[in-house]
Structures are given as C-alpha cells and as structure tokens.
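Notes follow once the structure below has been shown.
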Amino acid sequence: MSQENNKQGQIDVDIKVEDTTGAAAIDEPAPEEVSTFRLVATLAVAGALAGLLIVLVNLHTKPIIDKWKAEQLQLAVYEVLPGVVRYDTFYLVDEELSAELPSGAKESEYKRVYVGRDENGETTGVAISRGESGFQDVIMVIFGHDPVTGKLSGMKILDSKETPGLGDKIFKDMNFVDQFFAGPETPMIGVKEGTGKGEPNEIDMITGATISSKAVIQIINNALAEWKPILDKGIPASPADVAPAEVSP
C-alpha cells in the first residue's frame with residue numbers, strides 16, 4: 001500500500017539541457033589577428049608625427065629662447081661690470097682678441113670676452129663667462145674682472161641645476177654672492193665660514209653647499225688662468241672709436 005502511495009506521489013519532471021557552448025562558439029567571431037607590419041607601420045607613423053611636432057615647436061621657440069638668453073647675458077654683463085656705459089664683444093681668434101670673426105665662421109664656435117667701457121671709451125673691466133661641472137650638473141658663471149688690479153668686480157650665475165635648497169644657494173645666498181662684488185683678489189681660495197685668516201683672496205663657502213660654492217670659485221680661477229695670457233697682450237680699442245680708413249678716389 002505504501003509503495004503504491006509513493007508511486008502516486010512521485011512527479012515526473014522532464015529536464016532539458018541545452019548545449020549553448022556550441023552555439024556561442026559558432027555565433028562569436030574569431031579574434032582578428034593583427035599583422036606585425038600594421039603594428040610597425042602604426043608606430044612609425046606615430047613616431048614621425050611626434051618628431052615633426054617637436055621640430056615645429058623647436059623652430060618656433062628657439063628664436064624666442066635665443067633672444068631671451070641674449071637679453072639676460074647683456075644684463076649680466078652690466079651687472080658684473082658696475083658703472084660701465086657700454087661694452088664691446090671680442091672673440092678669441094688665433095690666440096688674439098678680435099672684434100671680427102673669420103669669413104664664414106660660426107659665432108658659437110669661438111670663445112669671447114666682453115670689454116666694459118666708461119663714458120670716455122676707456123676700459124673699466126672685462127666680463128668672462130665659463131661653465132664647468134658642479135655637484136649636479138654644469139654651472140654657467142659670468143664674472144667681472146679688472147686686468148690691471150687682478151680683482152673681481154662681480155659674479156652672476158647664468159645657469160645652474162644644483163640641488164634646490166642647498167646647491168642653489170650659490171645664487172640665492174646673497175652673503176655668498178656679495179663677496180664677489182667686494183673686489184676679492186685672484187686667484188681666490190674657498191674657506192669654510194669662520195675659518196678664514198682675512199686674506200684678500202678668501203671666499204667664505206656655503207655651509208651645506210660646499211661642493212657647489214667651491215665649484216664657482218674654481219670656475220672663475222680656471223677662466224682667469226686661461227684668459228690672463230691673452231688679456232696681458234693688451235685689449236684692442238673699441239671698434240666704435242676707430243675711424244674708418246679713408247678711401248682714395
């Protein structure tokens with residue numbers, strides 16, 4: 001009796017299982033294989049466009065940057081040669097100072113000095129620029145020098161990437177900078193602050209930026225060692241004061 005009841009209580013359920021895997025595999029498109037040539041071509045085109053953009057930007061900005069640098073250099077010359085009315089640029093040509101470059105020569109290939117003049121056209125000093133390695137990168141310095149007395153009249157950092165907060169004190173710490181405007185004798189020696197003997201060629205270095213401040217001193221000393229034999233030969237008269245040669249009819 002119980003078996004019959006169990007049979008009556010049973011419910012037959014038909015379960016259909018559909019295989020969707022095959023259908024999905026048929027309906028989904030196979031991934032398209034990208035050829036190596038297309039990848040290389042795409043990268044080449046993108047690289048060419050980026051390069052062209054860089055060139056165009058450089059062509060547009062270079063004249064602006066060059067003009068700005070020339071203006072900053074001009075201001076720096078007047079700053080390190082206090083009291084000058086004007087200055088002349090002389091190039092080092094065959095170990096001689098020349099106001100003119102050889103025909104077809106590039107100005108960037110020649111070293112130069114800037115000779116300061118007073119209202120009477122007399123030489124008051126020479127500004128020299130030079131760059132050498134500091135702690136981080138090249139430090140570009142311009143300084144004023146009196147060839148007669150051998151003393152400095154000023155110093156300015158034209159370019160520096162020294163460590164912010166430390167090495168950048170070579171142009172931010174005015175106690176350090178002002179020493180070069182006080183007429184120190186050359187060649188200079190760097191001393192730790194408070195340890196000097198009061199010699200006229202001593203420069204107190206910056207605590208925490210000893211390498212950078214010592215580099216500035218060394219750059220100036222090296223520049224003077226190179227230029228002194230040239231300057232000792234004599235500085236030419238200003239081209240503006242030289243009367244043009246008379247032309248015979």
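Because only heavy atoms are used, hydrogens play no part in the values below, and waters and symmetry mates are left out as well, while side chains stay in.
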Is the count of non-hydrogen atoms from other residues, nucleotides or ligands lying under 6.0 Å from Lys233 atom NZ greater than 12?
-> yes

CA sep, side-chain torsions, deciding dist, call: Val113, Leu97, side-chain contact (heavy atoms from CB on, under 4.5 Å) | CA-CA 9 Å; Val113 294; Leu97 293 179; 3.9 Å; yes

Nearest heavy atoms of Arg117 and Ile235, plus distance in Å | NH2-CG2, 4.4 Å

For residues Ser133 and Ala215, report the shortest heavy-atom separation together with the two atoms involved.
-> O-CB, 4.1 Å

Report whether Ile211 and Met155 are members of the same hydrophobic cluster (ILVMFWY, side-chain heavy atoms less than 4.5 Å apart, transitive linking).
-> no

Is Ser213 close to Lys169 at the side-chain level, that is, under 4.5 Å between some pair of heavy atoms?
-> no

At their closest point, which heavy atom of Ala223 faces which heavy atom of Ile128, and how far apart are they?
-> CB-CG2, 4.2 Å

Taking the side chain as every heavy atom from C-beta outward, state whether Pro239 and Asp88 have any atom pair closer than 4.5 Å.
-> yes

Roughly how far apart are Glu107 CD and Thr89 OG1, rounded to 0.5 Å?
-> 7.5 Å

Nearest heavy atoms of Ile157 and Ile170, plus distance in Å | CG1-O, 3.9 Å

Kindly write out the residues that satisfy side-chain hydrogen bond (donor to acceptor under 3.5 Å, both in side chains) with Ser212, not counting sequence neighbours, or none if the list is empty.
-> Glu162

Same cluster (ILVMFWY, side-chain, under 4.5 Å), Ile206 and Phe135 | no

Got a sec, which hydrophobics cluster with Val80, joining ILVMFWY side chains under 4.5 Å apart, including via others?
-> Leu73, Val77, Tyr78, Leu81, Val84, Tyr87, Tyr114, Met140, Ile142, Leu158

If we only count heavy atoms from C-beta on, is the Ser98 to Phe90 side-chain gap below 4.5 Å?
-> no

State plainly whether one hydrophobic cluster holds both Leu92 and Phe143, where clusters connect Ile, Leu, Val, Met, Phe, Trp and Tyr through side-chain heavy atoms under 4.5 angstrom apart.
-> yes

Could you grab the distance from atom CD of Glu122 to atom CG of Asp118, nearest 0.5 Å is fine?
-> 6.0 Å

May I ask you to test the Val191-Ile203 pair for a side-chain heavy-atom distance under 4.5 Å?
-> no

Could you list who else is in Leu101's hydrophobic cluster, with ILVMFWY side chains joined at under 4.5 Å, directly or through other members?
-> Tyr91, Val93, Tyr110

Are Leu75 and Gln72 close enough that some pair of their side-chain heavy atoms sits under 4.5 Å apart?
-> yes

So, for Ile217 and Gly190, which heavy atoms are closest and what is the spacing to 0.1 Å?
-> CD1-CA, 3.6 Å

Show the numbers, then the answer: is there a side-chain contact (heavy atoms from CB on, under 4.5 Å) between Leu152 and Leu224?
-> CA-CA 10 Å; Leu152 256 60; Leu224 289 175; 4.2 Å; yes

Indicate whether the side chain of Arg86 and that of Ser238 have a donor and an acceptor atom separated by less than 3.5 Å.
-> yes

Which heavy atom in Ala76 sits nearest to a heavy atom in Lys156, and how many Å separate them?
-> CB-CD, 3.8 Å

Would one find more than 12 heavy atoms of other residues, nucleotides or ligands at under 6.0 Å from atom CD of Glu100?
-> no

side-chain hydrogen bond (donor to acceptor under 3.5 Å, both in side chains): which pairs involve residues 217-231, sequence neighbours left out?
-> Lys111-Glu226, Arg130-Glu226, Glu132-Asn222, Gln218-Asn222, Lys228-Asp232

Contact check, side chains of Glu202 and Lys197, non-hydrogen atoms, under 4.5 Å = yes

What residues join Leu49 in its hydrophobic cluster, counting side-chain heavy atom gaps under 4.5 Å, either direct or through other members?
-> Val45

Which atom pairs, donor and acceptor, lie under 3.5 Å between side-chain atoms of residues 179-187 and protein residues at least two apart or in another chain?
unit_1 : atom_1 : unit_2 : atom_2 : d
Gln179 : OE1    : Asp204 : N      : 2.7
Gln179 : NE2    : Asp204 : O      : 3.0
Thr186 : OG1    : Gly150 : O      : 2.5

Among the clusters formed by ILVMFWY side chains lying less than 4.5 Å apart, do Val115 and Leu231 turn up in the same one?
-> yes

